[in-house]
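Some notes on the structure that comes next.
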Amino acid sequence: MSASSAPQPVKLSLPLVYQQKLFEELRKEDELVILARGLGLVRLITNLLHSYDAAGNNLIVLVNAEDRENAWIGEALAEHTAISMSPKARGLTVVNTDFTSVGTREKMYAQGGIFSITSRILVVDLLTNLLNPETITGIIVLHADRIVATSLEAFILRIYRQKNKAGFLKAFSDNPDPFTVGFSPLATMMRNMFLRKASLWPRFHVQVAQSLEGKKKAEVIELEVPMTDPMREIQTAIMECVELSIHELKKENTGLEMEDWNLDSALTRNFDLMVRRQLEPNWHRVSWKTKQIAGDLTVLRGMLQSILALDAVSFLQQLDTIHAAHKPAPGTTRQTESPWLFSDAAQTIFETARQRVYSSKQKAGPNSTIESLKPVLEEQPKWAVLADVLEELDRDLYFEPAVRDDSNGTILIMCADTDTCRQLRDYLQTMHIRPRTAKKVEEVYDPEEDKPSGAFLMRRKLRNYLNWKREFAQVNNVLFSENQKALSGAVDPRLPQARGRGGGAPANKRRRVRGGGGIGSNPSRHENGSIIQHFEKPNEVADLMSEIQITEDDAGGQAAEELITFTTTTAADPLEDMDDYYQLYDMQDLVVIHAYEGDQDEHVLEEVKPKYIIMYEPDASFIRRVEVYRSSHNDRNVRVYFLYYGGSVEEQRYLSSVRREKDAFTKLIKERASMSIVMTTDSHVEDDPESAFLRTINTRIAGGGKLKATKATAQPPRVVVDVREFRSSLPSLLHARSMVIVPCMLTVGDYILSRNICVERKSVSDLISSFKDGRLYAQCETMFLHYKNPMLLIEFDQNKSFTLEPFADLSGSLRSVNPENAGANDVQSKIVLLTLAFPKLRIIWSSSPYETAEIFERLKTLEEEPDPIAAVRAGLGEGESPEDGVNEGKGVGINGGTFNMEAQEMLGKVPGVTPKNIRNIMAEAENVREVANMEVEELGRLVGREAAGKIVEFFKKDVLEDHSG
Amino acid sequence: GAAVPGGGGSRSSVGSSILVSPRQKGNPVLASIKSTPWEYSDIPSDYVLGSTTCALFLSLKYHRLHPEYIYTRIRALQNRYLLRVLLTLVDIPNHEEPLRELSKTGLVNNVTVILCWSAQEAARYLELYKSYEHASASAIRGQQKRTYAEQMVEFVTVPRSVNKTDAIALVSTFGSLREAINVATDGTTNGEERLGQVQGWGEKKVRNWRRAVEGAFRVGK
């Protein structure tokens, strides 16, 4: 604290009693805080940070913050500083990939302040002592629920606690669920974080309840909106598909614990994750089909959501895309389509979804051209309700305008995401509703004849959809025709037709209004029984088009007029810059549409000060935020309208999320009650690294004999680790075994164990993919150039089965061993090819990262310690300086390039780019965009003409163009 | 069908069949070798799989009882054969300790450890080594041909949270990847908005996509 002994000179913004209590607790001691969502976690953290910030002379590290949280916290700290005018406060410094120079970081750390540091950078800086753990005043951990034992954050905390026992450590989470899974999970998690006290704050906590319910509560009006019949039908059909998929899963995996796999839990938020987690241990063993179904469940759950969120046309469009994406891959002979696509329910989904948009009268002959399509364009039921509510609010404002309070007259509409925001904005702009400013309305419109409707919007959407679909048929054809041809016997009814269109289409591809559609009228099925996509006849589409075109024109005229009125009164685009928009409009008359965005919503409430809130979709934490907001301000009245579809998945999901959180907290409270004894005994076993180190040396001397001479000089065992490897848990485990980790930017290998031993680590999935793209072969080549004993580590997951057998092709057929297509089959055949190509390559098989750490330790005995400088230099061409990787004195730093793995990986996927020429490209081009815009001449200089041709063709290929183009 | 042991017939079978040491008699692995001929022969290793490749067979169950056995066998190989495979059958649950030991053994004694979990899988390895004796490694050098759709999907799905459906929606909206990339980095909100309007592309995906395509390969430079 600063010199003044007076109570803190800082101004806090914690109006509620429970917030103040919690704050005091946190100032006093280290603890893990689990706060129910919506009760203002970020606010608490910023106040806490500010109290330290204002005191000055601090080095505080914020761990595990997301980008957006950094932004909020940074902003809030700046605000606090301005309010309390504390001269010493310096605000938040974010250290991420933009701050890559080792020197800059070192200087910044020396100055102190509050830093939010990306975990991968932080761990490296701590290991290289660029940021000396002893100089840290304290660490604040966000998302404590994600700190599992093998995580990078747990590694960071271990390094910190080993060297610094005095600094504070506080962890936060607003997600109690993960703390309740497994055996005494809370205790385990707290041990990972070296914390001994847990502080739990559910919504039903006495103090929270008192704070929120004591004063006048916010007025909440629930509006249950019924779904339309087709919507309900589709929802039922999707659920049927979910049920079917679950059934198939159960059939395929009889040995698993599957009591929880039912429709009911399928509706809760992360059922697909749950299934996946349960399959994880056997993921290698589960059949291809099971994986497919697990993926299907994700898709189906997405559909459950979109049937409510998207309008009829967009939903249909989504279905089309999903259908296209689930086409069989080329050359596969097995049944590649998802089982649900074969069900009657799937047909119902596709059929009904289409009938919500347009209907046709189907007559006898499939070639009959007399049938006509009519737009149906069902609107979302919530739209009308929303319009009603807005109208009611209008009246309200008009008749009793003067309730004296501090809020603005603003109406805040909250919805799930920006897509919905956009949808609502479009709807409100075009719904022909009278503008809210009452006077004008009376003059211009007669409410009777001008009921709000989304017809205009829907027509526009349908028009766009029909255009899109025409192009999409083409895209589909370009992307998948190869596949279709490959499938023996399967004749795609669209193919001949599509080609014909290619020839006769007008030049302007985006305006190909009457070009044509497809054959096939009602959803028919492929020969194999799955549904094929529906394509309308050209003339039908043309009819439909002209119909909406005509009505569109007059509707368009009216709407254009109205749009102008509206821009001055309603509908703010959430994507627009808020500042601009505050200057332009008067808060009194605004309708603001916003998407739920976690803790940022609090900010929105404070800024907008709405009088009315319409929750277009239910969100439990937002309700709490409103409660907190209302209780924090005596003088602001808020009325909340709460819209949900009755009997929908949305409703059930909302209810179950509330219930689950409550259950989780109850469990946690129970565990905490029985935990105290365990923790006290535990606290003394804090591992002293030095004694642990001595232990390991002793065992080694006993077994190793000759070792004494080198080890007695007290040089601890050392491993050079590629910085990219910090994504895995192995470096942390090696460190836990008292090895010194030297992070470096390596070109060759992942782990350098000694002067001779270089290890390339591959998880099973890495192994498969790196065989496929040839990466492993190239890596082995370069390892052999620089090391005497290159090794391939095949590392299995701790919880997954330790076997490769399920990957083997054990058919015993002659074809499976045919050298002509060697390596085309199973992993085994690829391993054989690899060892034949590199007979000196040693393979380490490890059942888990824990095992790997043991094996490494054993391999290192009797070997000379590795030289980091040499390790970094290995593989660098002439003229490439190793300074990127090595920072004198400080050991080895990291260079920023390392951290844009995504961009490098993407580039690596481009056909024509090889592990060899990728370097040249990256030396010359700044990013993927630049490469994508290069032409053959330019690229040719870097990679040769042939490769350049492939690369350019890949980026330029236009799926909307015809084949010839 | 099953190959007849020693069934070479008229032509010399040495070139095309696996040589098996009589020691292996009774090993169920032999019954599983179905697609490659094999015959008994007096050899220092358990199997000869080519002019420069041999294999020793080790069951971990046996190894636990006779830990010295395998070292004697390795010693007997002397320095013969370029590729010396130690085909290890994992048939005990507590495999950790023996496998740690074998990793070190492989390094010291110049043998390549290959694990298998059944007699069938062991046989599969033996057959593969034999039949690939002269095969080309092109399959693991990334020289397989793939379709544009596959390559495109692989490329687009690198950034986190972007899936296959999104990839297809992306190219079908913008036509080409070049276009999709340029829109993303348009710099104006318009670009972001256009990306956001792609079916299924929310803010998060748009952000990840932008970061991936316009983020510099090497920031530090």
Side-chain angles (χ1 to χ4, degrees), chain A residues 97 100 318 321-322 324-325 330 417-418 472 475 479 482 575 771 773-774 777 803 805 808 810 812 814 817 819 822-824 828-830 832-835 837 839 842-845 851 854-855 858 895-897 900 902-906 909 911 922 926-929 932 955-960, chain B residues 34-36 82-83 96 99-100 103-104 106-107 112-113 115 117-118 120-121 124-125 127-129 131-132 134-137 139-142 147-149 151 154-155 158-159 164-165 168-169 171-172 175-178 181 185 189 193 196 199-200 202-203 212-220:
Chain A
T97 44
T100 48
Q318 192 187 45
T321 322
I322 287 175
D417 51 27
T418 38
F472 189 68
V475 171
L479 282 181
E482 305 169 72
L575 293 176
F771 269 134
D773 60 16
Y777 189 95
T803 170
E805 203 206 355
L810 298 177
L814 280 171
V817 293
Q828 279 76 4
S829 66
K830 287 167 186 148
V832 166
L833 280 179
L834 186 75
T835 49
R842 298 290 158 253
I843 302 183
I844 307 170
W845 302 74
E851 269 308 297
E854 295 255 4
I855 294 172
R858 196 170 291 205
N895 125 303
N900 204 345
E902 241 171 30
Q904 291 193 21
E905 199 182 323
M906 268 181 119
K909 299 274 186 204
M922 291 196 301
E926 169 83 9
N927 53 25
V928 174
R929 177 187 42 188
F955 283 115
K956 266 176 110 170
K957 183 174 174 106
D958 193 335
V959 292
L960 300 173
Chain B
K34 288 182 178 152
S35 53
T36 314
L82 190 59
L83 174 58
E96 289 83 2
L99 289 183
R100 280 176 219 154
S103 294
K104 181 83 182 174
L107 178 70
T112 301
V113 179
L115 298 193
W117 283 266
S118 68
Q120 290 79 20
E121 198 190 0
R124 168 98 181 133
Y125 273 115
E127 288 174 350
L128 286 170
Y129 272 112
S131 62
Y132 288 178
H134 306 291
S136 119
I140 56 166
R141 300 183 73 169
T147 64
Y148 170 77
Q151 290 168 333
E154 259 185 39
F155 175 81
V158 169
K164 195 177 165 189
T165 310
I168 290 164
V171 286
S172 55
S176 71
L177 282 171
R178 181 181 282 187
I181 289 168
T185 58
T189 41
E193 173 131 10
Q199 189 63 244
E203 265 174 295
V213 298
E214 71 182 285
F217 296 125
R218 303 169 70 91
V219 187

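Naming convention: chains lettered A, B, ... in sequence-line order (proteins, then strands); numbering from 1 in each chain.
- Counting heavy atoms from C-beta on, the side chains of A:Y777 and A:L833 never come closer than 4.5 Å.
- The number of heavy-atom neighbours closer than 6.0 Å to NZ of B:K104, taken from other residues, nucleotides and ligands shown, is above 12.
- The contact between B:R124 and chain A is made entirely by side chain atoms (from C-beta outward), counting heavy-atom distances below 4.5 Å.
- In terms of heavy-atom proximity, B:E121 sits nearest to A:Q828 at OE2-NE2, 2.7 Å.
- For A:R858, the parts sitting under 4.5 Å from any heavy atom of chain B are the backbone and the side chain alike.
- Within the 4.5 Å cutoff, side-chain heavy atoms of B:L177 are placed close to those of B:V171.
- Note: A:R842 leads A:E851, A:R842, A:K909, A:E926 in heavy-atom pairs under 4.5 Å with chain B.
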